[in-house]
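Step one of this worksheet: look at the structure below.
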Amino acid sequence: MKGSLAIIWAIGRKDLLLEIRNKEVVVSVAGFALLVLVIFTFAIDLNQGNAKLVGPGVLWAGIAFAGVTGLNRAFALEVENSTLEALMLAPISRDLIYLGKALGNFLFIAVAQIIVIPLFAVLFNLIVFRWEMLAIALLTTLGFSAVGTLFAAMSVRVRAREVMLPLLFLPVVTPLLMAAVESTSHMVNGRSWSDMAQWLQLAVAFDVAFIVVSAFIFQHILED
Amino acid sequence: MVSQATQLAVKAEVVVKNFGATSVLHDLNLELPIGEITVLMGTNGAGKSTLLRILATLTQVDSGTVSIFGADIATNGPAVRALTGSVLHSPMLYADMSVRENLMFFADMYRLENVDDLIAQTTVMVGIEPRIDDRVRTLSHGFQKRVALARALMHDPQLLLLDEPESGLDSQSVDRLDRILDEYRSSGRTVVMTTHIVEHALELADRAVVLFDGRVGFNSENPQRDREAIQEIYSANRISISSLESQPQ
């Protein structure tokens, strides 16, 4: 167990090191999400009622669409230099490669959210610095990473991968997006944990199911 | 599980591999003893690289079985990979990490200990120590190939798989590679490599296997003795399997 965690962390840390040097994924995810937020602030009359009504949907749709661009890039880097094959040559179970890559993607999307969510609060004039927001963001990011890592690996060898990934990813994460939007909506309207409990439970169930299933499927999609 | 008691490093039985409608290997049978350098030869598309990728557990067979040191690779992937080191066509390195960072990362993947000492030893062995802190992106293809070799050697594998290892290397580096392979053989370990440089291969090899049309067309236990036959077979695409099968095994 300890050895497996060390492998997962080594892969995640390696992705983080490369991202610190290249700044490709976080910049593209945060940049794309911010563009979506800014466009909507101009497109909608953002009085207090409207902001609470549409804000959560705009935030999570923006992060989901932006996440796709980052997920595409994170796996493309492994394929361009065939380093994914180098990982596959290591004497480790291939589900650890999945979990390591998912950890890297989780960190990228989380860092992008650290930039995006405060700006969302400013643009939409909503109070989001609450523990509820942290829980929603962590659960949603975990689910995005779990599903996105699997589908990015599936689509990375396809010629039209930029099109393929959103077509696979977005329909599958719809329940998670619903949970994130509804929970955030409850939060900005000042409701309690118990009001959003069912949505958070949905997010937890989604995350657990997709991490387990994706880790199992991943090893089969890697091989020729 | 993996058994060192077997006398065979590699055993492939009735292996079939297709890519879509293209048949790459069909009914391939091959046995390679421990402690030999085997050179796989064959024209483009003969199936050499595919066979190496199967042995490296990167590609699955459609049917048939392959075992390495007695362990079926389909069911013992991690154990088999712990015994093999591979240098395939691409160097497979992270371009924006230094040589040292790449080797340290892969040392983690192989769960190695005393990593600093291992890196120092292998980088000296392959002659890359002066550029150990340079980013891989700044290295020539030949240097990158040497880094890939260092990565493959770092965990002291019992079976070394090399796909055209001399490509991109200067003559000095090829000599260095030959010395490493000689050391490998003398310590009882096994090397399987592909090459297009027939003369060089025949000087180095204990065994030469010529693949033809996805099968073993010729398997020589004495490449020096069979030099002429191998060269003739290798250069003649037109020779049919039936005539190859009449050659001495």
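Lettering of chains follows the sequences in order, A, B, ..., and the numbering in each one begins at 1. Scope of the values below: all heavy atoms of this structure, side chains included, with no hydrogens, waters or symmetry mates.
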Q: For A/Phe42, look at atom CZ and say whether over 12 heavy atoms of other residues, nucleotides or ligands are found less than 6.0 Å away.
A: no
Region of [X] that comes under 4.5 Å of a non-hydrogen atom in chain B:
X       : value
A/Leu89 : both
A/Ile92 : both
A/Ile11 : both

Quick one: which of [options] has the most heavy-atom pairs under 4.5 Å with chain A, could you say?
options                              : answer
B/Arg151, B/His155, B/Arg111         : B/Arg111
B/Ala95, B/Gly77, B/Ser90, B/Gly85   : B/Ser90
B/Leu88, B/Thr57, B/Val136, B/Asn102 : B/Thr57

Q. Between B/Leu25 and B/Val61, does a side-chain contact (heavy atoms from CB on, under 4.5 Å) hold up when you go through it step by step?
A. CA-CA 9 Å; B/Leu25 300 175; B/Val61 298; over 6 Å; no
(Q) For the residue pair A/Trp60 / A/Thr184, report whether a side-chain donor-acceptor contact shorter than 3.5 Å exists. (A) yes
Q: Determine whether A/Phe210 and A/Leu150 make a side-chain contact, defined as any pair of heavy atoms from C-beta on separated by less than 4.5 Å.
A: no
Q. What part of B/Phe105 is in contact with chain A, defined as an atom under 4.5 angstrom from a non-hydrogen atom: side chain, backbone, both or neither?
A. side chain
**Q.** Interface moiety of B/Arg137 toward chain A, non-hydrogen atoms closer than 4.5 Å
**A.** neither
(Q) Any salt bridge linking A/Glu78 with A/Arg73? Criterion: basic side-chain nitrogen under 4.0 Å from a carboxylate oxygen. (A) no
Q. How many angstroms lie between NZ in B/Lys145 and CG in B/Leu93, if you round to the nearest 0.5 Å?
A. 11.0 Å
